[in-house]
Amino acid sequence: MAVCKGMKITSVKADELLKTDVKKFWDCTGLTSYVPVTAALNENQRSALTSFAFNCGQANLKKLCKNRTVSEIADAMLLYNKAGGKVLSGLVSRRKAERELYLKGTKVHDMDTLRSGDKGQQVTVLQILLNYALGCGLDKDGIFGSKTEDAVEQYQEAQGLTVDGIVGENTWGKLLG
């Protein structure tokens, strides 16, 4: 339904139209053609990009994310603060709020970030999960060695995550999700 000047609708209909619009932009943030790093985003990052796209449009979302890493996107958001070539304080505030949401973590687990050289119960849990996900036959010895790191990188690649061998929020999120 197209919205036009003078149109009268109920608040229920207005809410329906808003939900439809927001869903369109939420769905867009899940497409790698618009957000190449979408698989690595947490819910807050995707919500911030949805708000950005709702305000700036899908073409600007694509431009914002093109050839940028997850962390580079946060700073680039602040550049979209002009209308008619002039910096507007309302847009500065909006981009700042979107950036803050984007940078806010969404911890869905109580696991620490793990990397090569770490030892302990969480490493054992990691090894069990990797064995289940990949069938890689890791020893469940609680030592994050080169075989565990190789398995982490294989898993990250298969899941479309940043391949760094470090088990942080996004990798844990996929493993535990």
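This structure is a prediction, so every number in the text was calculated from the model and none was measured.
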A.B. asks: Could you state the interatomic distance from OG1 (Thr38) to CG (Leu49), rounded to the nearest 0.5 Å?
C.D. replies: 8.0 Å
A.B. asks: Let's go through Ile128 and Thr124 carefully: what are the C-alpha distance in whole Å and the side-chain angles of both, what is the deciding distance for side-chain contact (heavy atoms from CB on, under 4.5 Å) to 0.1 Å, and is it a yes or a no?
C.D. replies: CA-CA 6 Å; Ile128 291 167; Thr124 303; 4.1 Å; yes
A.B. asks: For Asp27, enumerate each residue passing the side chain to side chain donor-acceptor pair (under 3.5 Å) test, keeping only those at least two apart in sequence or located in another chain.
C.D. replies: Lys23
A.B. asks: Can you see which heavy atom on Leu130 is nearest to which on Tyr155, and at what distance?
C.D. replies: CD2-CB, 3.8 Å
A.B. asks: What are the two closest heavy atoms between Lys62 and Ser33, and how far apart are they?
C.D. replies: CE-O, 3.2 Å
A.B. asks: Output the distance between atom OG1 (Thr50) and atom NZ (Lys24), rounded to the nearest 0.5 Å.
C.D. replies: 12.5 Å
A.B. asks: For residues Thr113 and Arg115, report the shortest heavy-atom separation together with the two atoms involved.
C.D. replies: CG2-NH2, 3.7 Å
A.B. asks: Is a side-chain N or O of Asn170 found less than 3.5 angstrom from the main chain of Ala40, in a donor-acceptor match?
C.D. replies: yes
A.B. asks: Rounded to the nearest 0.5 Å, what separation is found between the CD atom of Gln127 and the CD1 atom of Ile143?
C.D. replies: 8.0 Å
A.B. asks: If Ile, Leu, Val, Met, Phe, Trp and Tyr residues are connected whenever their side-chain heavy atoms lie under 4.5 Å apart, and connections chain through other members, are Leu64 and Leu103 in the same group?
C.D. replies: yes
A.B. asks: What are the two closest heavy atoms between Asp112 and Trp172, and how far apart are they?
C.D. replies: O-NE1, 2.8 Å
A.B. asks: When clusters are formed by joining ILVMFWY residues with side-chain heavy atoms under 4.5 Å apart, either directly or through shared neighbours, do Val22 and Ile9 land in the same one?
C.D. replies: no
A.B. asks: Apply the test side-chain contact (heavy atoms from CB on, under 4.5 Å) to residues Tyr102 and Val70: give CA-CA distance (whole Å), side-chain angles for both, the deciding distance (0.1 Å), then the verdict.
C.D. replies: CA-CA 10 Å; Tyr102 187 90; Val70 172; 3.4 Å; yes
A.B. asks: Could you grab the distance from atom CD1 of Ile73 to atom CG of Asn67, nearest 0.5 Å is fine?
C.D. replies: 10.5 Å
A.B. asks: With side chain to side chain donor-acceptor pair (under 3.5 Å) as the test, pick out the partner of Thr29 among Gln58, Gln45, Arg46.
C.D. replies: Arg46
A.B. asks: Salt bridge or not between Lys104 and Glu100? Use side-chain N to carboxylate O under 4.0 Å.
C.D. replies: no
A.B. asks: Applying the side-chain contact (heavy atoms from CB on, under 4.5 Å) test to Cys56, which of Arg95, Lys63, Glu98 qualifies?
C.D. replies: Arg95
A.B. asks: Ignoring hydrogens, what is the shortest heavy-atom contact between Tyr34 and Cys65? Give both atom names and the distance.
C.D. replies: O-CB, 3.5 Å
A.B. asks: Flag the pair Val35 / Leu61 as yes when at least one side-chain heavy-atom distance between them is below 4.5 Å, and no otherwise.
C.D. replies: yes
A.B. asks: Strictly below 4.0 Å, N to O, side chains only: are Arg99 and Asp75 in salt-bridge contact?
C.D. replies: yes
A.B. asks: Step by step, would you call Asn60 with Phe52 a side-chain contact (heavy atoms from CB on, under 4.5 Å)?
C.D. replies: CA-CA 9 Å; Asn60 280 320; Phe52 177 91; 4.2 Å; yes
A.B. asks: Count I, L, V, M, F, W, Y as connected when their side-chain heavy atoms are under 4.5 Å apart, and connections chain through other members. Are Trp26 and Leu41 then in the same cluster?
C.D. replies: no
A.B. asks: When clusters are formed by joining ILVMFWY residues with side-chain heavy atoms under 4.5 Å apart, either directly or through shared neighbours, do Leu88 and Tyr80 land in the same one?
C.D. replies: no
A.B. asks: Measure the spacing between CG of Asp118 and CD1 of Ile166 and express it to the nearest 0.5 Å.
C.D. replies: 10.0 Å
A.B. asks: Could you tell me whether Lys19 and Glu16 make a salt bridge, using a distance below 4.0 angstrom between a side-chain N and a carboxylate O?
C.D. replies: no
A.B. asks: I'd like to check the ring pair (Phe, Tyr, Trp, His ring centres under 6.0 Å) partners of Phe25; sequence neighbours left out, ordered by chain and number.
C.D. replies: Phe54
A.B. asks: Quick check: closest heavy atoms across Gly165 and Phe144, and the distance to 0.1 Å?
C.D. replies: O-CZ, 3.4 Å
A.B. asks: Evaluate the criterion side-chain contact (heavy atoms from CB on, under 4.5 Å) for residue pair Ser51 and Arg94; output intermediate values, then yes/no.
C.D. replies: CA-CA 9 Å; Ser51 173; Arg94 184 174 185 144; 3.7 Å; yes
A.B. asks: Are Tyr132 and Leu161 joined in one hydrophobic group, where the rule is that I, L, V, M, F, W and Y side chains link up if heavy atoms are under 4.5 Å apart?
C.D. replies: no
A.B. asks: Rounded to the nearest 0.5 Å, what separation is found between the CG atom of Leu138 and the CG atom of Leu126?
C.D. replies: 8.0 Å
